[in-house]
Amino acid sequence: MKKIVFATNNKHKLDEIRKITDGSLQILGLADIHCEDEIEETGTTLEENALLKARYVKEKYGYDCFADDTGLEVEALGGAPGVYSSRYAGEACNPADNMAKLLHELAGVKNRNARFRTVITLLIGDEMHFFEGVVNGRIIEEQRGEAGFGYDPVFVPEGKDQTFAELGNDVKNQISHRALATHQLAQFLTER
């Protein structure tokens, strides 16, 4: 079985990716390779941040690896929070702070179209590959649901009437932006 490092310390993301790939890959997190470093995301795009994280692990630890960056892009906010989604309400914020700021900024706004976008950078051997997943939807006016993480309680994907947090992890892991990008990654790796 192919062993690969996912350059993340985020347990939610690691669990999600492992469920999405359903055992077809042995995915190690940063803790599994004893990397306790906080890899700074100083890029101005999702692609740059994903590459920064993957390159850090590849250069420092030598493993084939992949990294992702995900952003929520809201049409009425010119694509914000985008690359700054995880720290939208400030550096020391949490997901509740981010959602509160987002809902405040969208108060009274009719256009609530948004999309989640995930970019995965894979560094394998001396090759670099990018995979992207996008899910369109809308931001609702209040939080609903208990599952998921991040902005899941306020995002309703196109074609659904429930938030990602209401749909639950099993459904989300089939249709999410991260699932779409991860399936491309897994297909690429299994065909090699």
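Throughout, numbering of the chain's residues begins at 1 and tracks the sequence.
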Enquirer: Report the hydrophobic cluster partners of Tyr61, with the cluster defined as I, L, V, M, F, W, Y residues connected by side-chain heavy atoms closer than 4.5 angstrom, directly or transitively.
Expert: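 So far as hydrophobic clustering goes, Tyr61 is joined with Val5, Leu28, Leu30, Ile33, Ile39, Tyr56, Val57, Tyr63.
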Enquirer: I need the Thr118 OG1 to Leu180 CG distance, nearest 0.5 Å.
Expert: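 Separation between the atoms: 8.5 Å.
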Enquirer: Considering only heavy atoms from C-beta outward, does the side chain of Asn173 approach that of Glu16 to under 4.5 Å?
Expert: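 Asn173 reaches Glu16 side chain to side chain.
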Enquirer: Would you say Phe188 and Val119 are hydrophobically clustered, going by side-chain heavy atoms of ILVMFWY under 4.5 Å?
Expert: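 No, because Phe188 and Val119 fall into different hydrophobic clusters, even though each may have its own neighbours under 4.5 Å.
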Enquirer: For Thr42 and Asn49, work out which heavy atoms get closest and say how close.
Expert: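 What the structure gives for the nearest pair is N-OD1, 3.4 Å.
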Enquirer: Just jot down the side chain to side chain contact (heavy atoms under 4.5 Å, CB included) partners of Gln187, sequence neighbours excluded, or say none.
Expert: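 Expected list: Glu191.
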Enquirer: For Lys58, enumerate each residue passing the side chain to side chain contact (heavy atoms under 4.5 Å, CB included) test, keeping only those at least two apart in sequence or located in another chain.
Expert: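 Per chain and number, Lys58 pairs via side chain to side chain contact (heavy atoms under 4.5 Å, CB included) with Asp64, Cys65, Leu123.
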Enquirer: Who pairs with Lys101 by side chain to side chain contact (heavy atoms under 4.5 Å, CB included), at least two apart in sequence or on another chain?
Expert: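 For Lys101, the residues satisfying side chain to side chain contact (heavy atoms under 4.5 Å, CB included) (neighbours in sequence not counted) are Tyr88, Ala89, Glu105.
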Enquirer: Can we say Arg144 and Glu142 salt-bridge, meaning some charged N sits less than 4.0 Å from an Asp/Glu carboxylate O?
Expert: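 Salt bridge: yes.
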Enquirer: Assess whether a salt bridge exists between Asp37 and Lys60, defined as any Lys/Arg side-chain N lying under 4.0 Å from an Asp/Glu carboxylate O.
Expert: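 Result for this pair is yes, salt bridge flagged.
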Enquirer: So, taking the atom named CG in Asp22 and the one named CD1 in Ile17, what distance separates them when rounded to the nearest 0.5 Å?
Expert: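 Reported to 0.5 Å precision, the distance equals 13.0 Å.
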Enquirer: Tell me, please, which residues at least two apart from Tyr151 pass ring pair (Phe, Tyr, Trp, His ring centres under 6.0 Å).
Expert: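 By the ring pair (Phe, Tyr, Trp, His ring centres under 6.0 Å) rule, Tyr151 matches no residue at all.
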Enquirer: So do Ile175 and Leu167 actually touch side chain to side chain, heavy atoms under 4.5 Å?
Expert: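 Yes; the side chains approach each other to less than 4.5 Å.
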Enquirer: Can you name the nearest heavy-atom pair linking Gln162 to Val156, along with the distance?
Expert: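 Taking every non-hydrogen atom into account, O-CG1, 3.6 Å.
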Enquirer: Got a sec, which residues hit salt bridge (Lys or Arg N to Asp or Glu O under 4.0 Å) with Lys160, two or more places apart in sequence or on another chain?
Expert: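 None.
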Enquirer: Provide the closest heavy-atom pair for Cys93 versus Arg87 in the form atom of the first, atom of the second, distance.
Expert: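 In this case the closest contact between Cys93 and Arg87 is SG-CA, 3.5 Å.
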Enquirer: Could you check if a side-chain atom of Asp69 sits within less than 4.5 angstrom of a side-chain atom of Thr45, using non-hydrogen atoms only?
Expert: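 Side-chain contact under 4.5 Å: no.
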Enquirer: Honestly, is Lys172 close enough over Phe149, meaning NZ or CZ under 6.0 Å from the six-membered ring centre and within 45° of the axis?
Expert: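 The answer is yes, since Lys172 meets both limits relative to Phe149.
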Enquirer: Please assess Thr121 against Met128 for the test side-chain contact (heavy atoms from CB on, under 4.5 Å), listing each intermediate value before the final yes or no.
Expert: CA-CA 7 Å; Thr121 300; Met128 179 185 341; 4.2 Å; yes
Enquirer: Work out which heavy atom in Glu75 is nearest to a heavy atom in Asn111; give both atom names and the distance.
Expert: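 Looking at all heavy atoms of both residues, the shortest contact is OE2-ND2, 2.8 Å.
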Enquirer: Partners of Glu36 by salt bridge (Lys or Arg N to Asp or Glu O under 4.0 Å), sequence neighbours excluded?
Expert: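 Testing Glu36 for salt bridge (Lys or Arg N to Asp or Glu O under 4.0 Å), a comparison that skips the adjacent residues, returns none.
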Enquirer: Lys11: which residues meet the salt bridge (Lys or Arg N to Asp or Glu O under 4.0 Å) condition with it, sequence neighbours left out?
Expert: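 Asp15.
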Enquirer: Measure up the Phe164 and Phe116 rings against each other and bin them: parallel (under 30°), tilted (30 to 60°), perpendicular (over 60°).
Expert: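 Plane angle under 30°, so parallel.
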Enquirer: Quick one: list whatever passes side chain to side chain donor-acceptor pair (under 3.5 Å) with Glu48, sequence neighbours left out.
Expert: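 Partners of Glu48 under the side chain to side chain donor-acceptor pair (under 3.5 Å) test: Thr44.
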Enquirer: Yes or no on side-chain contact (heavy atoms from CB on, under 4.5 Å) for Arg18 and Thr182, after CA distance, side-chain angles and deciding distance?
Expert: CA-CA 10 Å; Arg18 285 176 173 157; Thr182 301; over 6 Å; no
Enquirer: So does Leu72 get a backbone contact from the side chain of Ser85, meaning a donor-acceptor N/O pair under 3.5 Å?
Expert: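 Indeed, once roles are kept as given, a pair shorter than 3.5 Å links the two residues.
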Enquirer: What distance separates Glu146 CD from Thr163 OG1, expressed to the nearest 0.5 Å?
Expert: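 OG1 of Thr163 is found 9.5 Å from CD of Glu146.
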Enquirer: Please name all residues satisfying salt bridge (Lys or Arg N to Asp or Glu O under 4.0 Å) with Asp68, sequence neighbours left out, ordered by chain then number.
Expert: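 Listed in chain order: Lys13, Arg178.
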Enquirer: Hydrophobic clusters here meaning ILVMFWY residues chained together by side-chain heavy-atom distances under 4.5 Å, can you tell me if Tyr84 and Leu52 are in one?
Expert: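 No, because Tyr84 and Leu52 fall into different hydrophobic clusters, even though each may have its own neighbours under 4.5 Å.
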Enquirer: To the closest 0.5 Å, what do you measure between CD (Gln184) and CD1 (Ile120)?
Expert: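 The distance works out to 8.0 Å.
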Enquirer: Quick one: closest heavy-atom pair of Gly29 and Leu14, and the distance?
Expert: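 Scanning both residues completely, I find the closest heavy atoms to be CA-CD2, 3.9 Å.
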Enquirer: To the nearest 0.5 Å, what is the distance between CG (Leu189) and CD1 (Ile124)?
Expert: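 Taking CG in Leu189 and CD1 in Ile124, the distance rounds to 5.0 Å.
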Enquirer: Could you report the tightest heavy-atom contact between Val74 and Pro81, atom names first, then the distance?
Expert: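 Scanning both residues, the minimum pair turns out to be CG2-CD, 4.2 Å.
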Enquirer: With rounding to the nearest 0.5 Å, note down the distance linking CZ in Phe155 to CZ in Arg112.
Expert: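 So the CZ of Phe155 and the CZ of Arg112 are separated by 13.0 Å.
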Enquirer: In chain order, what residues pass the side chain to side chain donor-acceptor pair (under 3.5 Å) check against Lys53, with sequence neighbours excluded?
Expert: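 For Lys53 the side chain to side chain donor-acceptor pair (under 3.5 Å) partners, ignoring immediate neighbours, are Glu41.
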Enquirer: Enumerate, atom names and distances included, each donor-acceptor pair closer than 3.5 Å involving a side-chain atom of residues 129-140, sequence neighbours excluded.
Expert:
from: His129; atom 1: NE2; to: Glu127; atom 2: OE1; distance (Å): 2.7
from: Glu132; atom 1: OE2; to: Arg117; atom 2: NH1; distance (Å): 2.6

Enquirer: Would a single hydrophobic cluster contain both Leu25 and Leu122, if residues Ile, Leu, Val, Met, Phe, Trp and Tyr are joined by side-chain heavy-atom contacts under 4.5 Å?
Expert: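 The answer is yes; both residues are in one hydrophobic cluster.
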